[in-house]
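Down below is the structure, laid out as structure tokens.
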Amino acid sequence: MLDINFIRDNRELVKQGMANKGEKNTSAVELVLNKDEEWRNTVTELDLARAESNKKAKQIGQLMGQGKKEEAQDLIRETGNSKERIKKLEELLSILQKEREDLLYQIPNVPDSSVPVGRSDEDNVVHSSWGEPCGDEWRLPHWDIAAEKKWIDFDRGSKVAGAGFPFYLGLMARLQRALINFFLNEAVAHGYTEIQAPYFVNEDSARGTGQIPDKEDMMYTVPRDGFYAIPTAEVPVTNFHRDEILSMDDLPIYYTAYTPCWRREAGSYGKEVRGLNRLHQFDKVELVKFVHPDQSDTELESLREYAESLLQNLKLPYRTLLMCTGDMGFTQTKKYDLEVWSPGQQRWLEVSSCSNFGSFQARRMQLRFKNEKGKTEMVHTLNGSGLALPRIVASILETYQTEAGDVLVPDVLRPYMGVDKM
RNA sequence: GGAGAGAUGGCUGAGUGGUCGAAAGCGCUCCCCUGCUAAGGGAGUAUACCUCAAAAGGGUAUCGAGGGUUCGAAUCCCUCUCUCUCCGCCA
């Protein structure tokens, strides 16, 4: 969420950002400011009432200590009214606070000034591209290759769990393990600390990274225990430092984590979910950064460049999109999507999305650091995939297939696979 | 899953109804002293919010979390969470 003081000082900017992100109704901005005013007035009133009552209680204590019981009794009799008043103000305050917070949660993060204004994915800007997307007619989509080689069993996955929960067999299972190891090792070599995280989180964590309240439907839940199955390692890893005050020397902090990810993906259909394009469970290596606010712009660029380097090492053609305001999401200030080329489908597949959240997540999580002046300040958080597996696997199968029907193993994966060809 | 013990400031640890935001020690910061070092002396050392143009100052809340009793709660009562010990179960 945004800082209420920032909203007060920049109300037009916040409204404009909201409108650019596609929110037609920006009234929450005025509403939250009004509510905040009301809240602050009530705080003042309550604090005064409490000060009064504390003063009396102290006097009573003194009188009791001096043995002046009757005078004390007189004072006690006087306190009845103010007690009731305090209680009423407390109730009012907690209602106002809740309303103020609910409104605050409705206001999206303000897009960075470098982000193109636009309505939909059609307005995203191609930031850069690498490699030559190939268009050979004979190339099969990955689901055909996988079926022929008996590498992926979607049907048994459906029987055992449901649609979108495939089994991987033999060399395909090994390829996934190879990719996970390759991605983790690369990240560690680039200064990220490897971290293994819980696969379920509680409600506070889901709220901390912004899955609740706006993206609740994306997650699988375990109601009996109050758990949410993580839709990405971003959730547990970013929450790792929730409610902490870091020292400036700690920053920047880089983490990398492999986890399975679970997403309900309600409403998806057709070619979007064909094969490995969209699954309910998939594997991903995630990158998370906690940085000084002055650094988050450059940290986003280095995060993107690192994720791109993985695709270059795998020799998979890709393009990088700078997401426009309308397509970037609620919590981000700026976001790049990396899309790998799928020659069997003749389309781009998103395999990484690198985002800067500014202080938006940190404020929800109360994740702060002591700055150079010794003041506590919100850290900036960033994350990106490095990378998501299924679409990489799809692209490898299609890009590295030979006319003879085999699939070559990308050079960098050969040490992990132990074979050159599948 | 059953039984019991506990949760206090950066750390250790006192505090069972009144002047306790909290003793003491350690650590840390600054200053003084000592020709280095060691030792010693003094001051300071939580977070959030409200008020204030800002600083200073003032106020409020916070002793695991939430609720209750009371004029007054770290201290009493209830619920929850977490940690530890024992039993059971188990990769």
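Order of the sequence lines sets the chain letters (A, B, ...), proteins ahead of strands, with each chain counted from 1.
For B:C33, there is no paired base (Watson-Crick or G-U wobble, both distances below 3.5 Å). B:A38 is unpaired under the criterion used here, namely a Watson-Crick or G-U wobble arrangement in which both key atom distances are under 3.5 Å. Using Watson-Crick or G-U wobble geometry with both donor-acceptor distances under 3.5 Å, B:C86 finds its partner in B:G2. Checking B:A56 for Watson-Crick or G-U wobble geometry (two distances, each under 3.5 Å) identifies no partner in any strand. Look at B:C63: it lacks any Watson-Crick or wobble partner with both distances under 3.5 angstrom. Shown here, B:G72 forms no base pair; nothing in the strands shown gives a Watson-Crick or G-U wobble contact with both key distances under 3.5 Å. As the counterpart of B:A14, no nucleotide is assigned, since no Watson-Crick or G-U wobble pattern has both distances under 3.5 Å. With a cut-off of 3.5 Å on both pairing distances, the Watson-Crick or G-U wobble partner of B:G27 is B:U45.
To the nearest whole angstrom, the two C1' atoms, one in B:U60 and one in B:G21, are 13 Å apart. Between the P atoms of B:G72 and B:U12, the separation comes to 33 Å (whole Å). Between the C1' atoms of B:G67 and B:U62, the separation comes to 16 Å (whole Å). Straight-line distance between the C1' atoms of B:U47 and B:G9: roughly 10 Å, to the nearest whole Å. Atom C1' of B:C84 sits at a distance of 15 Å from the matching atom of B:G64, rounded to the whole Å. A gap of 15 Å separates the P atoms of B:A24 and B:A46, to the nearest Å. Here the separation of B:C89 from B:G17, taken at their P atoms, is 45 Å to the nearest Å. Atom name C1', nucleotides B:A14 and B:C20: the rounded distance is 12 Å, in whole Å.
Not one side-chain nitrogen or oxygen of A:K58 sits closer than 4.0 Å to the OP1 or OP2 atom of B:G72.
RNA chain B is contacted by both A:K56 and A:G61; A:G61 maps to the nucleotide lying nearer its 5′ end (nearest heavy atom per residue).
Taking the ring axis of A:Y336 as reference, the NZ or CZ atom of A:R304 stays within 45° of it and closer than 6.0 Å to the ring centre.
Residues satisfying the ring pair (Phe, Tyr, Trp, His ring centres under 6.0 Å) test with A:Y254, not counting sequence neighbours, are A:Y192.
With B:G21, B:C71, B:U69 as the choices, the nucleotide that has an atom nearest any side-chain atom of A:K87 turns out to be B:U69.
A:F290 and A:H241 have perpendicular rings, their planes meeting at more than 60° on a 0 to 90° scale where under 30° would count as parallel.
Between A:N383 and A:V288 there is a side-chain heavy-atom pair separated by less than 4.5 Å.
A:N202 places its CG atom 14 Å from the C1' atom of B:C80, with the value rounded to the nearest Å. Spacing between atom CG of A:D225 and atom P of B:U81 amounts to 11 Å, rounded to whole angstrom units.
Salt bridge absent: A:K21 and A:E23 never bring a charged side-chain N and a carboxylate O closer than 4.0 Å.
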Margin query: For A:R242 and A:S205: C-alpha separation, side-chain torsions, deciding distance, then whether side-chain hydrogen bond (donor to acceptor under 3.5 Å, both in side chains) applies.
Written below: CA-CA 8 Å; A:R242 173 152 53 85; A:S205 298; 2.8 Å; yes
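A side-chain contact (heavy atoms from CB on, under 4.5 Å) with A:Y400 is found for one member of A:L316, A:L413, A:V409 and no other, namely A:L316.
Within the 4.0 angstrom heavy-atom criterion, base atoms lie near A:I60.
Environment of CZ in A:R414: crowded, with over 12 heavy atoms of neighbouring residues, nucleotides or ligands closer than 6.0 Å.
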Letter by letter from the 5' end, nucleotides 47-62 of chain B scores (B base, S sugar-phosphate only, - none; protein heavy atoms under 4.0 Å) SSSSS-------BSS-
